[in-house]
Participant: 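Shown below is the structure under consideration.
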Amino acid sequence: MYKQTKQSELIRFARVEAGSTVIDVYPGDGDWTRLFSDIVGPEGRVYSFVPAEVAHFKNDPVGGMRMLAKEPGRENVEAVSADLVAMPEVTQPADVLWLHLFYHDLHTALMQAKGATAAEFNRAVYERLKSGGSYIIVDHAAAVGTGTSDAQSLHRIEPATVREEVEAAGFVLDAESTMLANKDDPHSIKVFDPSIKGETDRFVYRFVKP
């Protein structure tokens, strides 16, 4: 999805390093899980966490991550699945929790089907991170003033709303980056539209648990 320079920059921003414990939430094809696995090494741990809310998808996301964990050299990867807010029950205290292009989904009917809300998930993240741990959020930006109203329809969310919600759980904004910004994104079209797919205006936040 990203050129190697951007990929490396994101990993540095997330502060993933040798020996880290990382939770990769809704890992998709597992690309980030593999990268984190290589970086944290044998002394580290990567939890590839598939929310139970999406475990029924036809592409079998849980099975896919279990297969990934069996790849040579992936002994530090563990595929886990549970309801979103039960994430702390199937993982260990972590240095980094990685949420890539997913936060907006916390405001969709699918993710809230089992009663999970963004506020409850953020509290679960706070519970699971170690003191000083990083909560990394990368997502598609919505227009200023839209809040969460475009989360379901356009798969976008207003950055200021994310910050407000995460800080309400006790986190402190430690850094933000414009490395994935795109001023030419009109913010009014779905992120899968061919005219903008892969090039959406994206915000990058690092929150820290005090």
Side-chain angles (χ1 to χ4, degrees), residues 1-2 7 10-11 13-16 20-37 39-40 44-57 59-66 68-69 74 76-130 133-140 148 151 155-157 159 162-163 165-166 169-171 180 191 202-209:
M1 182 176 290
Y2 303 114
Q7 184 177 286
L10 279 167
I11 290 171
F13 183 88
R15 300 195 295 204
V16 176
S20 294
T21 295
V22 181
I23 302 173
D24 182 11
V25 176
Y26 199 6
D29 292 334
D31 293 343
W32 288 106
T33 291
R34 289 186 177 92
L35 284 169
F36 296 147
S37 170
I39 294 165
V40 304
R45 192 78 176 159
V46 181
Y47 289 95
S48 196
F49 175 72
V50 178
E53 287 83 351
V54 301
H56 64 282
F57 282 9
N59 64 341
D60 187 16
V62 177
M65 291 308 100
R66 287 176 177 162
L68 185 156
R74 302 293 178 209
N76 58 3
V77 173
E78 183 175 347
V80 293
S81 184
D83 291 352
L84 267 173
V85 294
M87 179 266 297
E89 299 173 16
V90 295
T91 56
Q92 294 297 315
D95 301 289
V96 178
L97 188 133
W98 176 259
L99 211 61
H100 183 258
L101 307 183
F102 178 74
Y103 190 95
H104 68 273
D105 285 308
L106 298 172
H107 289 278
T108 63
L110 173 64
M111 291 302 160
Q112 294 179 356
K114 296 190 176 186
T117 64
E120 289 173 331
F121 179 73
N122 288 331
R123 285 194 292 269
V125 176
Y126 191 90
E127 175 186 339
R128 184 37 72 218
L129 280 177
K130 300 174 184 177
S134 298
Y135 182 11
I136 309 300
I137 298 174
V138 181
D139 215 335
H140 308 284
T148 63
H155 295 270
R156 297 174 178 271
I157 191 166
V162 174
R163 179 175 178 178
E165 292 181 348
V166 175
F171 287 97
L180 302 178
V191 301
R202 301 175 188 184
F203 58 93
V204 184
Y205 281 148
R206 183 175 70 228
F207 297 93
V208 169
K209 177 179 177 177

Participant: Does some side-chain heavy atom of Y26 sit less than 4.5 Å from a side-chain heavy atom of L101?
Facilitator: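 They are not in side-chain contact.
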Participant: What's the shortest heavy-atom distance between P159 and F203, and which atoms?
Facilitator: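 For P159 versus F203, the nearest heavy atoms are CG-CD2, 3.4 Å.
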Participant: Can a donor-acceptor pair be found between the side chains of D31 and Y2 at a distance below 3.5 Å?
Facilitator: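 Distance-only check fails for D31 and Y2.
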Participant: So, taking the atom named CD1 in I23 and the one named CD1 in I136, what distance separates them when rounded to the nearest 0.5 Å?
Facilitator: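 Between atom CD1 of I23 and atom CD1 of I136 there are 12.5 Å.
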Participant: When rounded to the nearest 0.5 angstrom, what distance separates CE in M65 from CG in L68?
Facilitator: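 It is 5.0 Å, given to the nearest 0.5 Å.
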Participant: Show your working on side chain to side chain contact (heavy atoms under 4.5 Å, CB included) between H107 and E165 and close with a plain yes or no.
Facilitator: CA-CA 12 Å; H107 289 278; E165 292 181 348; 3.0 Å; yes
Participant: Between S81 and V50, which heavy-atom pair has the shortest distance, and what is it?
Facilitator: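 That would be OG-O, 2.7 Å.
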Participant: Start with the C-alpha distance between V208 and R15, add both sets of side-chain angles, then the distance that settles side chain to side chain contact (heavy atoms under 4.5 Å, CB included), and finish with yes or no.
Facilitator: CA-CA 11 Å; V208 169; R15 300 195 295 204; 3.5 Å; yes
Participant: Is there side-chain contact between V166 and Y205, with heavy atoms separated by less than 4.5 Å?
Facilitator: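 The answer is no, as the side chains (C-beta and beyond) never meet within the 4.5 Å cut-off.
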Participant: Answer yes or no: is there a donor N or O on one side and an acceptor on the other, between the side chain of S37 and the main chain of V77, under 3.5 Å?
Facilitator: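 Between the backbone of V77 and the side chain of S37 there is no qualifying donor-acceptor contact (under 3.5 Å).
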Participant: Would M87 and L97 count as a side chain to side chain contact (heavy atoms under 4.5 Å, CB included) if you check the C-alpha gap in whole Å, the side-chain angles of each, and the deciding distance to 0.1 Å?
Facilitator: CA-CA 11 Å; M87 179 266 297; L97 188 133; 3.6 Å; yes
Participant: Using every non-hydrogen atom in the two residues, find where T33 and P27 come nearest and quote the distance to one decimal.
Facilitator: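 In terms of heavy atoms, the two residues are closest at OG1-CB, 3.7 Å.
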Participant: Working to the nearest 0.5 angstrom, can you tell me the gap between E53 CD and L110 CG?
Facilitator: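 Going from CD on E53 over to CG on L110, the span is 7.5 Å.
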Participant: Using side-chain heavy atoms (C-beta onward) and a distance below 4.5 Å, is D139 in contact with R202?
Facilitator: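 With C-beta onward as the side chain, the pair stays apart.
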Participant: Atom CG of residue position D60 - does it have more than 12 heavy atoms of other residues, nucleotides or ligands inside 6.0 Å?
Facilitator: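 Yes, because the 6.0 Å sphere around CG of D60 holds more than 12 heavy atoms from other groups.
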Participant: Test your reading of the model: is there a side-chain donor-acceptor pair from R156 to the backbone of H140, 3.5 Å cut-off?
Facilitator: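 The answer is no, because no donor-acceptor pair under 3.5 Å joins these two groups.
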Participant: Would the distance check show the side chain of D83 and the main-chain N or O of A52 forming a donor-acceptor pair, the cut-off being under 3.5 Å?
Facilitator: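 A pair under 3.5 Å: no.
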Participant: Report yes or no: do S48 and D24 form a side-chain donor-acceptor pair below 3.5 Å?
Facilitator: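 No, no side-chain donor-acceptor pair sits under 3.5 Å.
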Participant: When rounded to the nearest 0.5 angstrom, what distance separates CG in D105 from CZ in F121?
Facilitator: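 The CG atom of D105 sits 11.0 Å away from the CZ atom of F121.
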Participant: Of all heavy-atom pairs between P61 and V54, which one has the smallest distance, and what is that distance?
Facilitator: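 Smallest heavy-atom distance, with atoms named: CG-O, 3.3 Å.
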Participant: Quick one: side chain to side chain contact (heavy atoms under 4.5 Å, CB included) partners of E78, sequence neighbours excluded?
Facilitator: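 E78: side chain to side chain contact (heavy atoms under 4.5 Å, CB included) contacts with R45, Y47, V80.
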Participant: Report yes or no: does R34 contribute a side-chain atom to a donor-acceptor pair with the main-chain N or O of D29 at less than 3.5 Å?
Facilitator: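 Yes; at least one donor-acceptor contact below 3.5 Å.
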Participant: Taking atom CG of L106 and atom CG of L84, what is their separation to the nearest 0.5 Å?
Facilitator: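 Rounded to the nearest 0.5 Å, the CG-CG separation comes out at 6.5 Å.
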Participant: Using side-chain heavy atoms (C-beta onward) and a distance below 4.5 Å, is V96 in contact with T21?
Facilitator: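 A side-chain contact under 4.5 Å is absent here.
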Participant: Any side-chain heavy atom of V125 sitting closer than 4.5 Å to one from F207?
Facilitator: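 No; the side chains remain at least 4.5 Å from each other.
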Participant: When you measure from the side chain of E120 to the backbone N and O of T117, does any donor-acceptor pair fall under 3.5 Å?
Facilitator: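 Yes; judged by distance alone, with no hydrogens or angles, the pair exists.
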Participant: Just checking H155 against H104, ring centres under 6.0 Å apart?
Facilitator: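 For H155 and H104, the ring centres are under 6.0 Å apart.
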Participant: Could you point out which residue of V46, I39, V40 forms a side chain to side chain contact (heavy atoms under 4.5 Å, CB included) with S20?
Facilitator: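 Checked V46, I39, V40 against S20; only one passes side chain to side chain contact (heavy atoms under 4.5 Å, CB included): V40.
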Participant: Would you call the rings of Y126 and F171 parallel, tilted or perpendicular, taking 30° and 60° as the class edges?
Facilitator: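 Answer is perpendicular, since the angle exceeds 60°.
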Participant: Determine, stepwise, if the pair V22 / W32 fulfils side chain to side chain contact (heavy atoms under 4.5 Å, CB included).
Facilitator: CA-CA 10 Å; V22 181; W32 288 106; over 6 Å; no
Participant: Tell me whether the rings of F36 and W98 are parallel (<30°), tilted (30 to 60°) or perpendicular (>60°).
Facilitator: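 Ring orientation, 0 to 90° scale: perpendicular.
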Participant: Just how far is it from atom OH of Y103 to atom OG1 of T148, taken to the nearest 0.5 Å?
Facilitator: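 Output value for this atom pair is 9.5 Å.
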Participant: Using modelled atom types and a 3.5 Å cut-off, is there a donor and acceptor pairing between side-chain atoms of K209 and backbone atoms of K130?
Facilitator: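 Checking the backbone N and O of K130 against the side chain of K209, no donor-acceptor pair under 3.5 Å is found.
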Participant: Please tell me whether N122 and Y135 have a donor and an acceptor in their side chains that are separated by less than 3.5 angstrom.
Facilitator: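 A pair is found: one side chain offers a donor N or O, the other an acceptor, under 3.5 Å apart.
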Participant: Could you check whether R206 and S134, counting side-chain N and O atoms only, form a donor-acceptor pair closer than 3.5 Å?
Facilitator: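 Looking only at side-chain atoms, R206 and S134 do not form any donor-acceptor pair under 3.5 Å.
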